[in-house]
Structure formats: structure tokens, C-alpha cells
> 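Here you go, one structure.
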Amino acid sequence: MRLTKRHIQQYRARTYHTLASRRLNSLQDAIEFVEKRGFLTLWPIKGIELPSLWAAAAGSRPVASEHDDPGHITWGWKDQMLDQRQWYYAKLLRGKATFVSLATLPNFYALSPREAELDDYREAYRAGTLSNEAVRIADALLNHGALDSIQLRRRAGLSNAQSKYRFDRGLTELQKGLWILPIGVAQAGAWRYAFIYELLDRWYPELPLKAGRIQRDQARATLISKYFEAVGVAAFGDLNKVFGWEKLLILNTLQEFVEANALIEIEPDRWASPQLVSQA
């Protein structure tokens with residue numbers, strides 16, 4: 001049978017839970033979905049192939065701008081779970097809102113720039129891969145404990161209007177590097193809604209030890225395997241967009257999958273580049 005785009009759409013409708021019969025209807029459904037997929041985004045990301053909590057609850061339609069849209073129950077699930085330690089949530093993949101199961105999280109940590117020290121962000125700063133604003137934010141959390149974003153801006157010396165962009169950029173840098181995460185919501189600021197942030201290793205103190213048992217190539221293989229379980233078919237460029245790893249590392253891992261017959265390579269009609277298809 002020739003593989004067509006329709007086949008892929010049907011496969012993803014099942015794994016993304018966009019079929020009406022598979023939609024998420026409760027918080028427990030959402031928890032089980034994250035655990036099954038390993039990682040996914042809160043909302044669809046343009047140009048990135050990944051399942052999302054929004055689509056699994058609302059179907060394959062654009063994210064609604066109306067706050068009372070039923071699909072936005074996903075926002076409530078996210079907020080409700082921030083302090084429950086049942087999944088990881090932060091701006092991780094592509095600097096966008098990402099959910100990761102606790103079973104999968106050590107693999108991301110093993111591939112991160114972390115050195116399993118609370119203040120190892122300073123090494124990243126000295127290496128030129130982390131901004132000064134990010135260090136100031138992390139220092140504030142290290143010295144004062146969990147803080148809502150209003151207090152955090154003040155403690156980091158970034159509370160003036162001109163610093164807002166740099167503050168937001170620093171928050172995203174630290175989340176992408178697995179240094180911090182939001183752990184709750186405070187009724188603070190003009191909107192009476194502000195994330196509370198904490199250092200990741202203080203929130204999940206067992207995580208560095210778990211990640212330390214995982215080799216980097218093993219972690220990469222695990223995440224790629226979870227990705228193919230979700231999307232079914234992907235090209236090298238798809239993985240590069242999602243994970244942002246070095247090209248050779250991705251290609252070497254994919255070749256190992258092909259040699260083990262876990263993935264097969266095809267060139268579907270009218271598609272621009274060879275695709276790898278999961279044998280699962």
C-alpha cells in the first residue's frame with residue numbers, strides 16, 4: 001500500500017486525539033494523554049509537527065481568541081496542575097508552552113546544559129549562552145525562594161517598563177535550559193494573574209539523580225522514539241525544528257533506528273524529502 005498524506009492524517013488523528021471519539025473531556029484524560037505521548041505542547045505551533053493539549057480537547061481548529069471558548073478548558077487544566085507535581089510544564093520546546101511526563105523529563109534534563117547544581121546557570125553565562133537578565137532572575141530565585149513574576153522582576157532589578165522584554169526573554173531562556181519552571185499562579189499585578197516561578201532542581205530534587213543515570217545518546221533515542229510514536233512519519237528537518245539538536249547527532253540516531261528496523265525510509269510521491277516511518 002502506498003503511503004499517502006491521508007494515511008498520515010488518520011494516524012495523527014488517533015495519536016493526537018483529534019477524533020471526536022478520542023477527545024479529552026477531563027483533567028484525568030489530560031494527565032493520561034501527557035503520560036502516553038511523553039511530551040506535547042499546550043497549543044499548536046505553526047510549522048512544528050507535535051500533538052497539543054488544545055487540539056486533543058478542541059479538535060483540529062485554530063486556537064480561539066474568545067476566552068469563553070470551551071477549548072480553553074485546557075488553560076484551566078494547566079493552571080490547576082502547576083503545583084501538583086504530576087507533570088512538567090514550562091516554555092521548553094521552541095521556547096513555547098510544553099508538557100512533559102515525569103517519566104520522560106529525565107531525558108530532557110540529560111540533554112540540557114545542566115550540571116546538576118542549583119547555580120550552574122552561572123557557568124552557562126560565563127560560556128556566553130545565557131543572558132545577564134537570566135542570571136539575575138535565577139539569582140533572585142536562588143536567594144529568595146519561589147517568587148511570583150511581579151516580585152521576581154523587582155528582586156532581579158528588572159521592574160521598569162523598559163526591562164519587560166529583557167525580563168520575559170530571560171524567563172524563556174531559563175525555562176528552555178531547564179533551570180526554572182512555573183509552579184503556581186498568584187493574584188498579583190494589574191491582571192491579578194502572575195506565574196510563581198521556582199528553580200527546577202528545588203521543585204524536583206530527585207530529577208538530577210534520575211537524569212544522571214541516562215547517557216545522552218540514550219536520552220536522544222528515547223525522545224526521538226516518543227516523537228515517532230506520536231507523528232508516525234517525519235523527516236530530518238521535522239526533528240531539527242522540534243529539538244534543535246546538532247544535525248549529525250540527529251542523523252546518527254536515526255540511522256541506528258533504521259539499522260534496527262525500528263524506522264523505514266521512504267520517498268512518498270510529491271513530498272520534498274525522504275521520510276522516516278515508524279514501524280510501531
Side-chain angles (χ1 to χ4, degrees), residues 39 41 45 47-48 88-98 100 104-147 149 151-183 195 197-205 207-212 214-224 236-253:
F39 57 92
T41 57
I45 303 174
I48 303 296
Y88 163 92
Y89 169 82
K91 290 185 176 181
L92 180 61
L93 296 175
R94 306 288 297 184
K96 303 296 184 181
T98 306
V100 182
T104 304
L105 184 58
N107 296 283
F108 280 103
Y109 193 101
L111 293 168
S112 75
R114 299 300 312 280
E115 297 178 6
E117 298 288 343
L118 284 178
D119 63 351
D120 59 12
Y121 54 85
R122 293 172 182 158
E123 285 297 321
Y125 174 68
R126 284 191 281 270
T129 57
L130 203 60
S131 69
N132 174 264
E133 290 79 13
V135 172
R136 290 159 67 178
I137 292 167
D139 277 343
L141 293 173
L142 179 65
N143 295 327
H144 301 286
L147 297 168
S149 58
Q151 298 181 69
L152 185 53
R153 286 185 69 179
R154 188 179 308 116
R155 293 286 189 179
L158 297 165
S159 58
N160 60 62
Q162 293 75 22
S163 299
K164 185 180 187 308
Y165 168 78
R166 293 186 291 124
F167 175 75
D168 291 342
R169 182 189 63 187
L171 285 177
T172 300
E173 287 180 64
L174 291 167
Q175 290 174 78
K176 288 176 66 177
L178 289 168
W179 279 288
I180 71 170
L181 79 167
I183 62 166
F195 278 136
Y197 290 93
E198 174 61 295
L199 296 178
L200 177 64
D201 289 15
R202 276 204 300 236
W203 191 245
Y204 290 117
L207 180 58
L209 181 60
K210 291 181 178 179
I214 304 173
Q215 298 296 318
R216 294 177 69 86
D217 57 349
Q218 178 188 355
R220 196 173 295 108
T222 296
L223 296 180
I224 287 178
F236 160 77
D238 298 317
L239 281 88
N240 184 256
K241 288 178 182 178
V242 171
F243 297 112
W245 301 330
E246 293 180 19
K247 178 178 180 179
L248 186 59
L249 295 175
I250 297 175
L251 292 176
N252 287 343
T253 306

> In chain order, what residues pass the side chain to side chain contact (heavy atoms under 4.5 Å, CB included) check against Ala110, with sequence neighbours excluded?
Ala211, Ile214, Ala219

> Going through the distances and angles, do Asn132 and Tyr125 end up as a side-chain contact (heavy atoms from CB on, under 4.5 Å)?
CA-CA 7 Å; Asn132 174 264; Tyr125 174 68; 3.8 Å; yes

> How many angstroms lie between CG in Leu199 and CD1 in Ile137, if you round to the nearest 0.5 Å?
11.5 Å

> Where do Leu181 and Tyr204 land on the side-chain contact (heavy atoms from CB on, under 4.5 Å) test, with the steps shown first?
CA-CA 10 Å; Leu181 79 167; Tyr204 290 117; 4.0 Å; yes

> List the residues meeting salt bridge (Lys or Arg N to Asp or Glu O under 4.0 Å) with Arg166, not counting sequence neighbours, and say none if there are none.
Glu133

> Applying side-chain hydrogen bond (donor to acceptor under 3.5 Å, both in side chains), can you list everything that pairs with Asn160, at least two apart in sequence or on another chain?
Ser163

> When rounded to the nearest 0.5 angstrom, what is the spacing between CG in Leu142 and CG in Asp201?
11.0 Å

> Residues two or more places apart in sequence or in another chain: which of them pass salt bridge (Lys or Arg N to Asp or Glu O under 4.0 Å) with Arg216?
none

> Where is the tightest heavy-atom contact between Arg202 and Ala146, given as atom of each residue plus distance?
NH2-N, 4.5 Å

> Ignoring hydrogens and angles, tell me if any N or O in the side chain of Thr129 forms a donor-acceptor pair with the backbone of Ala124 under 3.5 Å.
yes

> Looking at every non-hydrogen atom in both residues, tell me the closest pair between Ala156 and Arg136 and how far apart they are.
O-NE, 3.1 Å

> List for me each residue that meets side-chain hydrogen bond (donor to acceptor under 3.5 Å, both in side chains) alongside Glu123, sequence neighbours excluded, and say none if there are none.
Arg126

> Just to verify, what does Asp119 make a side-chain hydrogen bond (donor to acceptor under 3.5 Å, both in side chains) with, not counting sequence neighbours?
Arg122

> Taking only residues two or more places apart in sequence, or in another chain, which ones meet Thr172 in a side chain to side chain contact (heavy atoms under 4.5 Å, CB included)?
Lys91, Lys176

> Measuring from atom NZ of Lys210 to atom OH of Tyr109, what distance do you get when rounded to the nearest 0.5 angstrom?
13.0 Å

> For Lys96, which residues count as a side chain to side chain contact (heavy atoms under 4.5 Å, CB included) partner, sequence neighbours excluded?
Ile45, Arg94

> The criterion is ring-ring contact (aromatic ring centres under 6.0 Å, His included); which residues satisfy it with Phe108, sequence neighbours excluded?
Phe39

> So do the side chains of Leu111 and Leu223 get within less than 4.5 Å of each other, counting heavy atoms only?
yes

> Ignoring hydrogens and angles, tell me if any N or O in the side chain of Asp120 forms a donor-acceptor pair with the backbone of Ala116 under 3.5 Å.
yes

> Heavy-atom distance under 4.5 Å between the side chains of Tyr88 and Leu178, does that happen here?
yes

> Could you give me the CA-CA distance, side-chain angles and deciding distance for Leu152 and Leu171, then say whether side-chain contact (heavy atoms from CB on, under 4.5 Å) is met?
CA-CA 10 Å; Leu152 185 53; Leu171 285 177; 4.0 Å; yes

> Verify side-chain contact (heavy atoms from CB on, under 4.5 Å) between Leu200 and Ile180, making sure each step is shown before the conclusion.
CA-CA 5 Å; Leu200 177 64; Ile180 71 170; 6.0 Å; no

> Kindly write out the residues that satisfy side chain to side chain contact (heavy atoms under 4.5 Å, CB included) with Asp217, not counting sequence neighbours, or none if the list is empty.
Gln215, Arg220

> Which pair of heavy atoms, one from Phe167 and one from Ser149, lies closest together, and at what distance?
CZ-O, 3.7 Å

> Atom CG in Leu239, atom CD1 in Ile250: separation rounded to 0.5 Å?
6.0 Å

> Do you know the tightest heavy-atom contact between Gly170 and Ser131?
CA-OG, 4.4 Å

> With Tyr89, which residues qualify under side-chain hydrogen bond (donor to acceptor under 3.5 Å, both in side chains), at least two apart?
none

> Parallel, tilted or perpendicular for Phe243 and Trp245, by the 30°/60° rule?
parallel

> Drop me the distance from Phe236's CZ to Leu251's CG, to the nearest 0.5 angstrom.
5.0 Å

> Report the distance from atom CD of Glu198 to atom CG of Leu141, rounding to the nearest 0.5 Å.
6.5 Å

> Considering only residues two or more places apart or on different chains, which pairs with a residue in residues 152-164 satisfy salt bridge (charged side-chain N to carboxylate O under 4.0 Å, His left out)?
Lys164-Asp168

> Any side-chain heavy-atom pair from Leu130 and Trp179 closer than 4.5 angstrom?
yes

